[in-house]
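Accompanying notes for the structure given below.
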There are 2 protein chains.
Amino acid sequence: MGIIEEDLFDLAELFKVFGDSTRIKIIYSLIDGEKNVTNLVEDLNMSQSAVSHQLRILKTAKLVRGRRDGKAIFYSLDDDHVKAIFEKGLEHIVHG
Amino acid sequence: MGIIEEDLFDLAELFKVFGDSTRIKIIYSLIDGEKNVTNLVEDLNMSQSAVSHQLRILKTAKLVRGRRDGKAIFYSLDDDHVKAIFEKGLEHIVHG
DNA sequence: CCTACACATGAACAACTGTTCATACATTCA
DNA sequence: TGAATGTATGAACAGTTGTTCATGTGTAGG
């Protein structure tokens, strides 16, 4: 497993996506299970626009994925790594 | 383990520190073991000032720690969590 | 002391980021 | 088709971030 400079760049980009309060709240909210945008807006108490913008960033980074059901779009964490990274970070917080 | 809003904020702040190429390179470089600033400057091929500025951020976030030996200051990862978080992130990259 | 070396730090500036506001797109139902 | 609901998106703007440049601090040796 040879790590090249590009991997380190990508890694920084990944953590950059985790490094925002709004996006972290979205990820935390989705650990419970999938939620649509309206649910998330209520959960975070933020504007629908702000949440949608951040969902797009999370989706582009392949951290969440969306599934349409009628008018609503339900988002969920894309894979188990997302939760794992979240939890590893949390460990560092609570043991600090 | 009740997670409150402040924890999520701190968590985002933590990932924010990981979310920069220079700092990720420093962390990666320190996985090998402690290094002084001059070593890191050569390793990253960046200005001493830029590296020092980022070291300060990493130190403030308690991700690295410094130990003076004569004129040099040797930096190392502060605890095992740092490496663990780095590696969890890397898993997501290489399986992408 | 004075110089050289190792590192830190403050100011400044360009680049980037996240929110808001307005508007557009998509789907359902009457 | 028209209205209502759910979501996405572009522009714009303030706030933040990382680098550079210049300078300051600390340590060892002569």
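Residue numbering restarts at 1 for every chain, and letters A, B, ... go by the order of the sequence lines.
- Under the salt bridge (charged side-chain N to carboxylate O under 4.0 Å, His left out) criterion, A:Asp32 pairs with A:Lys35, sequence neighbours left out.
- Here the C1' atom of nucleotide D:dT7 and the CG atom of A:Leu40 are 12 Å apart, to the nearest Å.
- If you take CD1 of A:Ile57 and P of C:dT17, they are 8 Å apart, rounded to a whole angstrom.
- Ring pair B:His92/A:His81 is perpendicular by interplanar angle, where above 60° counts as perpendicular and below 30° as parallel.
- Near-neighbour residues of DNA chain D inside residues 9-26 of chain A, defined by a heavy atom below 4.0 Å, are absent.
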Margin query: So if I define the base as every atom that isn't primed, P, OP1 or OP2, how would nucleotides 5-11 of chain C read as a B/S/- string at a heavy-atom cutoff under 4.0 Å?
Written below: BSBBBB-

Checklist line | Candidate pair A:Tyr75 and A:Asn36, rule side-chain contact (heavy atoms from CB on, under 4.5 Å), full reasoning | finding: CA-CA 6 Å; A:Tyr75 282 91; A:Asn36 65 24; over 6 Å; no

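- A:Asp69 has its CG atom 10 Å from the P atom of D:dT7, to the nearest Å.
- Annotation: side chain to side chain contact (heavy atoms under 4.5 Å, CB included) contacts of B:Ala84 (sequence neighbours excluded): A:Lys88.
- Counting to the nearest Å, the C1' atom of D:dT7 and the CD atom of A:Glu34 are 16 Å from each other.
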Notebook entry, point to check: Which is it for B:Glu5 and B:Leu8 under the side-chain contact (heavy atoms from CB on, under 4.5 Å) test, yes or no, and what are the steps along the way?
Noted result: CA-CA 5 Å; B:Glu5 181 139 357; B:Leu8 294 176; 5.6 Å; no

Checklist line | Test side-chain contact (heavy atoms from CB on, under 4.5 Å) applied to B:Arg67 and B:Asp69, step by step | finding: CA-CA 7 Å; B:Arg67 152 183 95 75; B:Asp69 179 20; 3.8 Å; yes

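- Residues passing the salt bridge (charged side-chain N to carboxylate O under 4.0 Å, His left out) test with A:Glu42, sequence neighbours excluded: none.
- Taking atom CG on A:Leu58 and atom C1' on C:dT17, their separation rounds to 14 Å, with Å as the unit.
- Under the rule for a salt bridge (charged side-chain N to carboxylate O under 4.0 Å, His left out), A:Arg65 has no partner lying at least two apart in sequence or in another chain.
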